[in-house]
Amino acid sequence: MKQVEKPKKPLIIYYLIAFIVLILLNWFVFPMFMGSNVREVDYGTFLNMIEERQVSKVQLEGDTIYFMDKSEEPQQYETTTFDDPELVNRLEDAGCEFGRVAQEQMNPILSMLISIVIPVLIFWGLGQLLTKQMMKKMGGGAGGNPFMQFGKSNAKVYVESTTGITFNDVAGEDEAKELLTEIVDFLHNPGKYQEIGAVCPKGALLVGPPGTGKTLLAKAVAGEAGVPFFSISGSEFVEMFVGMGASKVRDLFKQANEKAPCIVFIDEIDTIGKKRDSQGFSGNDEREQTLNQLLTEMDGFDASKGVVILAATNRPDSLDPALLRPGRFDRRIPVELPDLKGREEILKVHARKVKLSDNVDFNVIARAASGASGAELANMVNEAALRAVRDNRKYVTQEDLEESIEVVIAGYQKKNKVLSTKEKLIVSYHEIGHALVAALQTNSAPVTKITIIPRTSGALGYTMQVDEEERNLMSREEIENKIATLTGGRCAEELIFDSVTTGASNDIEQATKLARAMITRFGMSDRFGMVALETQVNPYLGGDSSLSCSPETASTIDDMVVDTVKKAYDKAMNLLRENKGKLHELAKYLYEKETITGEEFMSILNKKEDTEEKN
């Protein structure tokens, strides 16, 4: 890349032009404005105004007389004086205030300093200050001219001493670490790869949901390899002016080649790496030019120098195919949500900095936090430590960690929200309805906790179920049982109070999603069988889906979803109707205690069964 030339005109020329303009303004323009409010009259008019007593105040300054009239809005006048010996008597007879202004001749040099030099110095100082501020914001350099910084890369550069992150700081992603270890080994020992003719992958793309540790893995690779680490976000390439993003890409790769071996990490690469449209409407788009330059640079640099490109995204389906082909991002490394063992290891890593009591069981916490990402697990450990501080304890207990899971999932306890007696009773029956339907069905996760304490997420209560083992698959019967459990709260309300409330809105939403997924995605319907009727978009960002079928088929799917949910609702209603006595007893106990554990719930339930068997 060519060296950027300095500007042809130095800044002193611009200051000189401003100096000349200021002198011209000072000599010609400013006096015109300063004198625009003074009206000039002849001496005769001045004498007539005195005789008519229209003058209020007179001042003599050399050969010039300044006077004011007596109108509501006094006007200032100016006239030239004559040798009039009667002037003073006339002013006294007219009752005018008059006096002479002492005229002091100012030193010409001092006058020039005040009127010209000092304003120019102030102007120059402000210009220098603004220039320095702009240089700080834009990175400085380029011959001291901040306007030459638009094409410079603002990537953060970390060296081995400042990164301080290794694979020991990353847990729960053993497969990703194994794939990245080869890159680290190449940066340490490139000779053994070159000897056999192998080359290191030019790039590796880390894909996965938010919070799984993609950025942390990239920093760990740099920490293990002990090489410089360039970190930049994809959004930092996007500029207002066309071509600036491409210039930043060129500068980034130039710096990387100078510091090779090194690692370049581009976070959220989907910002600049989106698929180019086929309609040709954005051929000159800034984002597209930046992508084209990135593709060119990745083709052009020599991988044998040890420059490795790492990138992270949670939208791999939106990336341009040219970016994903071999020779650019050779490896696609999934960084998924951790499993049970991974969650346990992540909790242990984040708990190193926290003082723990002896009763902490990370396996129990990991099972309860099913589906949590690494960032959420780190937040749970921190919330547990904060709770211990609020309770004036110097260590974290098992109860703190269990409560932190509920805080992350459902929010803090809303202590200032007090339910009325009727609402509290309805919520009690609602939550026991969920728990009772779940406990009375086979292939259903055990109930671990039931509470009717409102949370900041808006939930007035909830029932927590935790599987004893890690589950990756769900059968048709298990999904149907889960839908029945979700409808259990509304069934309890209708059975006991012969009315329904708005408290089941979230249950309805989840039950409908599961029923629709059974038909359109999982192939669990007799009518359609193994036919995909729905396309999932952005699986790492919530998994939004869109139907890919005719309107007639969509109408049939709606009818089938209604039938599936209704069937589960009837099943839950029959279970609660058959165990109405247990529903009353458990709801009364929950109403009094507000929070009960799974052991307490099952104890009352089994005790009731034993009593019925004796009878």
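As the structure is a computational prediction, the values presented were derived from the model and not from experiment.
For the atom pair CG of Asp467 and CE of Met474, the computed distance is 8.0 Å after rounding to the nearest 0.5 Å. Note that OG of Ser525 and CE of Met518 are 8.5 Å apart. Values are rounded to the nearest 0.5 Å. One finds the CG atom of Asp330 at 9.0 Å from the CD1 atom of Ile183 (value rounded to the nearest 0.5 Å). Separating the CG atom in Leu495 from the CG atom in Leu583 is a distance of 6.5 Å, to the nearest 0.5 Å. Interatomic distance, CG of Leu206 versus CD1 of Ile266, reported as 12.0 Å (0.5 Å rounding). Here the NZ atom belonging to Lys214 is positioned 10.0 Å from the CG atom belonging to Leu205, to the nearest 0.5 angstrom.
Donor-acceptor pairing under 3.5 Å is recorded for the side chains of Gln441 and Thr485. Checked by atom type, the side-chain pair Thr553/Thr556 shows no donor-acceptor distance below 3.5 Å. Judged purely by distance below 3.5 Å, without hydrogens or angles, the side chains of His430 and Asp507 pair a donor atom with an acceptor atom. One side chain, Asp270 or Thr313, offers a donor N or O that lies under 3.5 Å from an acceptor on the other. With no hydrogens or angles considered, no side-chain donor-acceptor pair links Glu477 and Asn481 at under 3.5 Å.
Of all non-hydrogen atoms in Leu295 and Arg328, the two that sit nearest each other are O-NE, 3.3 Å. The nearest pair of heavy atoms linking Asp267 to Thr215 is OD2-OG1, 3.4 Å. Taking all atoms of both residues into account, the shortest heavy-atom contact from Gly488 to Val437 is CA-CG2, 3.9 Å. Across all non-hydrogen atoms, the minimal contact from Gln465 to Thr448 is N-OG1, 4.3 Å. Closest approach of Ala351 and Leu356 over heavy atoms only: CB-CD1, 3.8 Å. Shown here for Leu337 and Gly371, the closest heavy-atom pair between the two residues is CD1-O, 3.8 Å.
Residues Tyr462 and His434 place their aromatic rings such that the two centres sit no closer than 6.0 Å. Between Phe265 and Phe230, the distance separating the two ring centers is not shorter than 6.0 angstrom.
The closest donor-acceptor contact from the side chain of Ser603 to the backbone of Glu599 lies at 3.5 Å or more, if one exists at all. In this structure a side-chain-to-backbone donor-acceptor pair under 3.5 Å is present from Thr271 to Glu268. At least one donor-acceptor pair closer than 3.5 Å links the side chain of Ser404 to the backbone N or O of Met380. Put simply, the side chain of Lys177 gets close to the backbone of Val170: a donor and an acceptor are under 3.5 Å apart. Checked by atom type and distance alone, the side chain of Glu585 never pairs as donor or acceptor with a backbone atom of Lys582 at under 3.5 Å. Remark: side-chain polar atoms of Thr212 are not paired, donor with acceptor, to backbone N or O of Gly208 under 3.5 angstrom.
With a 4.5 Å cut-off on side-chain heavy atoms, Leu605 and Leu436 count as touching. Contact annotation: the side chain of Lys348 never approaches that of Arg352 to less than 4.5 Å [non-hydrogen atoms, C-beta and beyond]. In this structure, the side chains of Ile309 and Lys202 stay at 4.5 Å or more apart for every pair of heavy atoms. By the 4.5 Å heavy-atom criterion applied to side chains, Asp361 and Ile365 are not counted as neighbours. Here the side chains of Thr397 and Tyr395 are in contact, with some heavy-atom distance below 4.5 Å. His584 has its side chain out of reach of Tyr589: every pair of non-hydrogen atoms, C-beta onward, lies at least 4.5 Å apart. Contact check for Thr501 versus Glu493: side-chain heavy atoms found under the 4.5 Å cut-off. Using a 4.5 Å heavy-atom threshold, the side chains of Phe186 and Glu182 count as separate.
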Between Phe528 and Met560, is the side-chain contact (heavy atoms from CB on, under 4.5 Å) condition met? List the steps. CA-CA 11 Å; Phe528 297 109; Met560 294 176 68; 3.4 Å; yes
Run the side-chain hydrogen bond (donor to acceptor under 3.5 Å, both in side chains) check on Asn506 and Gln510 step by step: do they pass? CA-CA 6 Å; Asn506 184 254; Gln510 292 187 54; 2.6 Å; yes
Please report the C-alpha distance between Thr595 and Ile450 in whole Å, then the side-chain angles of each, then the deciding distance to 0.1 Å, and finally whether the side-chain contact (heavy atoms from CB on, under 4.5 Å) criterion is met. CA-CA 6 Å; Thr595 300; Ile450 311 170; over 6 Å; no
Under the salt bridge (Lys or Arg N to Asp or Glu O under 4.0 Å) rule, what do Arg343 and Asp339 come out as? Steps first, then yes or no, please. CA-CA 6 Å; Arg343 292 195 298 274; Asp339 56 11; over 6 Å; no
Would Met464 and Glu406 satisfy side-chain contact (heavy atoms from CB on, under 4.5 Å), going step by step from the backbone distance to the final call? CA-CA 9 Å; Met464 182 182 289; Glu406 300 176 38; 3.8 Å; yes
Apply side-chain contact (heavy atoms from CB on, under 4.5 Å) to residues Leu294 and Leu323 and explain how you reach the verdict. CA-CA 9 Å; Leu294 178 62; Leu323 198 62; 4.0 Å; yes
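Taking the charged nitrogens against the carboxylate oxygens, Lys482 and Glu478 have no contact shorter than 4.0 Å, which rules out a salt bridge. Salt bridge Asp558/Arg516: present, at least one basic N to carboxylate O contact under 4.0 Å. Electrostatic pairing of Arg393 and Asp400 counts as a salt bridge here, judged by a charged N lying under 4.0 Å from a carboxylate O. In this structure, Arg455 pairs ionically with Glu403, as a charged nitrogen and a carboxylate oxygen lie closer than 4.0 Å. Salt-bridge formation is not detected for the pair Asp169/Lys353: no Lys NZ or Arg NE/NH1/NH2 atom is positioned less than 4.0 Å from an Asp or Glu carboxylate oxygen. No salt bridge links Asp563 with Lys567; every basic N to acidic carboxylate O contact stays at or beyond 4.0 Å. Checked for salt-bridge contact, Arg387 and Glu399 miss the test: no charged N lies under 4.0 Å from a carboxylate O. In this structure, Glu600 does not pair ionically with Lys593, as no charged nitrogen and carboxylate oxygen lie closer than 4.0 Å.
Dense packing is recorded around CG of Asp559, with more than 12 heavy atoms of other residues, nucleotides or ligands lying under 6.0 Å away. Other residues, nucleotides and ligands contribute at most 12 non-hydrogen atoms within 6.0 Å of the CZ atom of Arg527. Summarising the local packing, CG of Asn359 is surrounded by more than 12 heavy atoms from other residues, nucleotides or ligands at distances under 6.0 Å.
Every side-chain contact (heavy atoms from CB on, under 4.5 Å) that Lys513 has, sequence neighbours left out, goes to Glu509.
Counting only residues at least two apart or on different chains, the salt bridge (charged side-chain N to carboxylate O under 4.0 Å, His left out) pairs with a member in residues 419-436 are Lys424-Glu594.
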